Amino acid sequence: MQELVERVTAWFGDAARDLPWRAADRTPWGVLVSEVMLQQTPVVRVEPVWREWMRRWPTPADLAAAPTADVLRAWGRLGYPRRALRLADCARAVVERHDGEVPRDEDALRALPGVGEYTAAAVRAFAFGRRAVVVDTNVRRVQARAVTGVALPAPSYTAAERRLAASLVPDDDATAARWAAASMELGALVCTARVPHCDDCPLRTTCAWRLAGFPADEHAARRRTQAWEGTDRQVRGRVMAALRGAESPVHRALLADAGPPDQLDRCLAGLVEDGLAETDDAGRYLLPA
DNA sequence: AACTCGGGGAC
DNA sequence: GTCCCAGAGTT
């Protein structure tokens with residue numbers, strides 16, 4: 001085994017966080033739910049929502065039968081609520097296509113709503129203990145620094161990164177699955193984006209970025225922070241927060257604080273189009289049944 | 001390849 | 001105010 005893998009997996013033995021979707025009594029469905037919730041959302045915010053979600057809907061069949069309004073309220077403020085719709089669609093697909101059991105086959109996983117390249121690989125590794133090339137934002141950063149010797153990976157995932165990641169994955173299932181969890185954990189806890197904790201890193205003596213003298217990020221100029229103030233996403237978020245909190249359908253006039261009239265209309269139409277909201281016969285807005 | 005899609009905590 | 005977070009789907 002490569003020394004890189006050995007050092008990181010050994011470190012993981014002591015440093016691994018005690019997360020509920022890693023517990024001995026975890027289920028493949030619980031792992032899948034956690035992965036969807038964790039898409040672009042930090043662990044600390046997901047954990048309490050995941051616990052309540054799994055208590056309420058422990059199996060795909062349970063979630064498949066839940067009203068959309070309940071699903072969206074339970075999703076709460078995790079963000080990107082379309083993920084909640086896809087997760088419910090995913091539960092129905094698991095029930096219909098796979099007799100209620102999360103499939104182990106990578107192609108079958110990828111065919112599920114809300115499951116892309118990363119999530120399919122993560123479920124393979126973490127739910128079933130199988131070999132998979134699991135590359136998230138943490139792994140990209142760890143290999144960019146430790147192997148390639150640059151401060152941060154390119155803005156978008158490249159074929160070269162995928163090839164490098166594949167070359168690092170150990171051959172046997174158990175070690176590969178452990179490497180996947182360990183390399184992600186290193187990026188999340190030590191090899192962090194803003195202020196890396198190199199003194200605590202198991203790779204501090206071999207890290208290519210460190211040995212090169214911590215060269216600056218070459219892509220810094222091209223990274224554009226996503227605008228937020230005044231965007232449709234902000235307005236949509238305000239509308240969804242209002243609908244989640246409402247006990248009865250909401251008249252458009254009561255949503256006027258969410259944004260300027262034209263933008264509000266556009267966002268309302270978009271939310272209806274996305275299946276995140278609907279209107280009653282009086283033209284008021286509510287979460288879908 | 002570029003774009004859209006939330007929300008909040010750390011700095 | 002800026003950055004970043006276990007990405008996916010659409011165009």
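Each chain gets a letter, A, B and so on, in the order its sequence line appears, and its residues count up from 1. Predicted model only: the values in this text are computed from it and were never measured.
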Nearest-angstrom distance from the residue atom [atom1] of [X] to [atom2] of [N]:
X        : N     : atom1 : atom2 : answer
A:Leu72  : B:dG7 : CG    : C1'   : 16 Å
A:Tyr80  : B:dC3 : OH    : P     : 15 Å
A:Arg233 : B:dG7 : CZ    : P     : 10 Å
A:Arg83  : B:dG6 : CZ    : C1'   : 8 Å

Checking all strands, does [X] fall into the base, sugar-phosphate, or nothing category for heavy-atom contacts under 4.0 angstrom?
X        : value
A:Trp21  : base
A:Leu19  : base
A:Arg110 : nothing

Does a sphere of radius 6.0 Å around [atom1] in [X] hold more than 12 heavy atoms from other residues, nucleotides or ligands, not counting ones at 6.0 Å or beyond?
X        : atom1 : answer
A:Arg210 : CZ    : yes
A:Asp99  : CG    : no
A:Glu52  : CD    : yes

Any chance the side chains of [X] and [Y] put a donor and an acceptor closer than 3.5 Å?
X        : Y        : answer
A:Gln39  : A:Thr119 : yes
A:Ser248 : A:Arg284 : no
A:Arg233 : A:Tyr80  : yes

Could you run down the sub-3.5 Å N/O contacts of the protein with nucleotides 8-10 of chain B?
from: B:dG8; atom 1: OP1; to: A:Arg77; atom 2: NH1; distance (Å): 2.4

Problem set entry | Interface limits on DNA chain C, where chain A has a heavy atom under 4.0 Å of a nucleotide atom |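 Answer, 5' to 3': C:dT2 to C:dG9.
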Problem set entry | DNA chain B contacts among residues 111-145 of chain A, heavy-atom distance under 4.0 Å |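 Correct list: empty, so none.
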Exercise. Where do A:Val44 and A:Pro48 come nearest, in terms of heavy atoms and distance?
Worked result: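 In terms of heavy atoms, the two residues are closest at O-CD, 3.5 Å.
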Exercise. Between A:Pro288 and A:Gly275, which heavy-atom pair has the shortest distance, and what is it?
Worked result: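 For A:Pro288 versus A:Gly275, the nearest heavy atoms are CG-O, 3.2 Å.
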Problem set entry | Rounded P spacing from B:dC11 to C:dA6 in Å |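 Each nucleotide's P atom is 14 Å from the other's.
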Problem set entry | Interatomic distance at C1', C:dC3 relative to B:dG6, whole Å |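 Comparing C1' positions in C:dC3 and B:dG6 gives a spacing of 15 Å.
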For this session: Would you mind reporting whether A:Leu268 and A:Thr279 have side-chain heavy atoms less than 4.5 Å apart?
Result: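 Counting from C-beta outward, A:Thr279 and A:Leu268 never come under 4.5 Å.
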Exercise. So do the side chains of A:Gln143 and A:Thr148 get within less than 4.5 Å of each other, counting heavy atoms only?
Worked result: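 They are not in contact (no side-chain heavy atoms under 4.5 Å apart), so the answer is no.
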For this session: Find which nucleotide of DNA chain B each of A:Val195 and A:Tyr157 is nearest to by heavy atoms, and output the residue with the more 5' nucleotide.
Result: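 Mapping each residue to its closest nucleotide by heavy atoms, the 5'-most match is A:Tyr157.
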Exercise. Under the 3.5 angstrom rule, does the side chain of A:Arg141 hit a backbone N or O of A:Cys191 as a donor-acceptor pair?
Worked result: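 Judged by distance alone, yes, a pair lies under 3.5 Å.
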